[in-house]
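Scope of the values below: all heavy atoms of this structure, side chains included, with no hydrogens, waters or symmetry mates. Keep in mind that this is a model prediction, so the values were computed, not measured. All ligand and atom numbering here is 1-based and tracks the order in the structure. FYI, the numbering just counts along the sequence from 1.
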Amino acid sequence: MSGGFGSGGAAADPVTRGEPAKKGLHVITWGCQMNVYDSGRMADVLAPLGYGPAGSLEGADMVLLNTCHIRERASEKLFSELGRLRVLKEARAAAGERMILAVAGCVAQAEGADILTRAPYVDVVLGPQSYHRLPEMVARAARAGGAVIDTDFPAESKFDHLPEAAAPQGLTAFLTIQEGCDKFCSFCVVPYTRGAEASRPAAAVLAEARRLVAQGAREITLLGQNVNAWHGEGPDGQPASLARLVRWLAEIPDLARIRYTTSHPRDMDEDLITAHGEVAQLMPFLHLPVQSGSNRVLAAMNRGHDVAAFRRIIARLRAARPDIALSSDFIVGHPGETEQDFVATLDLVREIGFAGAFSFKYSARPGTPAAGAAGQVPEAQKDRRLQELQTLLRDQQAAFNAGCVGLSVPVLFTGKGRHAGQIAGRSPWLQPVHVIGPESLIGREMPVKIAAAHTNSLSGTLEQERVCA
Ligand code: 5AD
Ligand code: SF4
């Protein structure tokens with residue numbers, strides 16, 4: 001997961017749907033790729049009600065805020081955005097028009113009815129398990145003018161109710177296959193906000209993947225809070241493994257690349273590791289959060305694995321797929337973390353070597369076990385530890401990128417580059433790569449000789465161009 005409220009406020013999604021819209025919908029999404037995906041699906045379920053992309057926020061008939069609870073001060077940021085929207089809503093009301101405000105996502109789940117107490121002008125509040133009920137809730141809110149709330153965890157999965165994704169996602173597509181988490185890490189709200197682990201059946205995933213490929217996708221990233229805990233129903237009616245699903249997906253012609261995120265070390269089974277060595281379409285890049293390099297802290301976090309188990313997984317992955325690169329998530333300053341524990345994290349980072357990483361200061365989430373635990377770490381210490389860790393991780397990322405210079409790397413071109421004549425795409429390790437080349441190559445995977453590593457990207461020359469020159 002990446003992003004969150006931190007990215008300079010929320011990003012407005014370009015929600016593009018085919019039919020000319022009678023009512024304008026403006027979606028604001030915070031948080032991870034799963035939230036971006038969910039926003040698209042919510043726009044899909046609202047399309048039959050006549051909602052399509054609004055020309056402007058001010059002119060929208062409905063503003064949907066899809067929230068993320070994982071980062072700090074999530075609810076304050078929501079209420080400050082709602083305050084801004086209230087002014088717009090009142091201006092529309094003064095003109096005799098209605099603007100429906102809907103709050104969805106994990107903050108909606110966590111705060112529920114409290115949102116309506118603090119912001120009574122909100123019309124709809126719904127949790128991640130209730131998206132399929134959105135049209136009904138919006139219709140009821142539009143009729144009654146009163147607020148409608150649904151944050152219950154229903155017994156059946158929301159996957160059963162959502163219509164097929166309507167909008168083409170482009171060359172690189174996301175596909176949610178799993179939701180929820182049963183792991184209950186001490187610091188994390190996801191098990192409370194997203195509910196128990198649920199997996200989509202293989203047939204539904206494969207049908208959606210085929211559709212995405214028919215619409216032009218060459219790369220699919222499978223999404224889930226615990227994606228490698230996927231155990232959806234297979235063709236024989238029995239639960240299947242993610243390794244099996246990856247192998248089925250690899251049979252789809254024209255699907256060049258498969259990725260999956262986010263994984264948990266506990267669910268990194270032998271089959272999946274073997275698949276990394278055997279399935280060419282499975283990209284050699286894995287995001288595998290470890291959170292800490294100290295066994296004491298990992299136990300306090302209730303992670304269910306120790307440092308040795310993480311090391312073993314990495315060694316087996318590297319044996320299966322020698323060019324695999326790794327990224328991870330780290331938390332510094334979890335309650336009880338000593339200087340020695342923190343040094344153990346730095347040691348693990350040095351030992352493993354990461355191509356990228358997300359690192360965070362521990363921040364208490366009300367209702368989670370760590371929030372009330374003894375040994376809260378002072379803010380200044382957390383700041384210093386984070387800086388030290390991020391410096392090390394940045395150096396490792398730069399070294400990884402520099403190590404690509406001189407290599408021939410397959411790049412899937414996905415669009416034009418920033419400068420005239422450039423085209424850009426991604427390496428197997430998710431690095432952005434740009435070259436001078438014709439737009440006709442967009443959509444194709446081509447070998448590129450890497451000439452230079454920049455802060456966050458690589459540049460080079462098309463191998464074939466070199467051959468022809
Ligand atoms: N404080 C800091 N970081 C957190 N994460 C999740 N909850 C918290 C928290 N309370 C981080 C973890 C997780 C990533 C998505 O966000 O590292 O893997
Ligand atoms: Fe949160 Fe832990 Fe579940 Fe990841 S595995 S979603 S960190 S509880």
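- No donor-acceptor distance shorter than 3.5 angstrom exists from the side chain of D38 to the backbone of N35, with no hydrogens or angles considered.
- In terms of N/O distances under 3.5 Å, ligand 1 is approached by F187.
- Residue F360 has at least one heavy-atom neighbour below 4.0 Å for each of these atoms of ligand 1: 2 (C), 3 (N), 11 (C), 14 (C), 16 (O), 17 (O).
- When each atom of ligand 2 is checked for a heavy atom of F184 under 4.0 Å away, the hits are 8 (S).
- Centroid-to-centroid, the aromatic rings of H276 and Y260 come within less than 6.0 Å.
- Using bins of under 30°, 30° to 60° and over 60° for the plane-to-plane angle, the ring pair F358/H287 lands in the perpendicular bin.
- The two atoms that bring P289 and S263 nearest to each other are CD-O, 3.0 Å, heavy atoms only.
- Of the candidates Q225, Q291, H69, K382, Q291 brings a heavy atom nearest to atom 17 (O) of ligand 1.
- Atom 1 (Fe) of ligand 2 has an N, O or S atom of C188 under 2.8 Å away, backbone or side chain.
- For ligand 2 and N226, the ligand atoms under 4.0 Å from any heavy atom of the residue are 3 (Fe), 5 (S).
- Atoms of ligand 1 found under 4.0 Å from any heavy atom of R365, numbered from 1 in the order shown, are 10 (N).
- Counting only distance, with no hydrogens or angles, the side chain of N295 and the backbone of V307 share a donor-acceptor pair below 3.5 Å.
- Less than 4.0 angstrom separates some heavy atom of C185 from each of these atoms of ligand 2: 2 (Fe), 5 (S), 7 (S), 8 (S).
- Residues A60 and H26 come closest through the heavy atom pair CB-CB, 3.8 Å.
- Within the 4.0 Å heavy-atom shell around ligand 2 one finds H264.
- In this structure, the side chain of R296 engages the main chain of G336 through a donor-acceptor pair within 3.5 Å.
- Proximity of K361 to ligand 1, defined as any heavy-atom pair under 4.0 Å, is confined to the backbone N, CA, C and O atoms.
- Contacts with ligand 2 closer than 4.0 Å are made by side-chain heavy atoms of P191 only, the backbone lying farther away.
- Listed by number with element, the atoms of ligand 2 under 4.0 Å from a non-hydrogen atom of F187 are 7 (S).
- The two residues W230 and S241 come nearest to each other via the heavy atoms CZ3-O, 3.3 Å.
- Of the heavy atoms in V189, none comes closer than 4.0 Å to ligand 2.
- Checked against a 6.0 Å centroid threshold, the rings of F400 and F354 do not count as neighbours.
- In terms of polar-atom proximity, D329 is counted as a contact of ligand 1, with an N or O under 3.5 Å from an N or O of the ligand.
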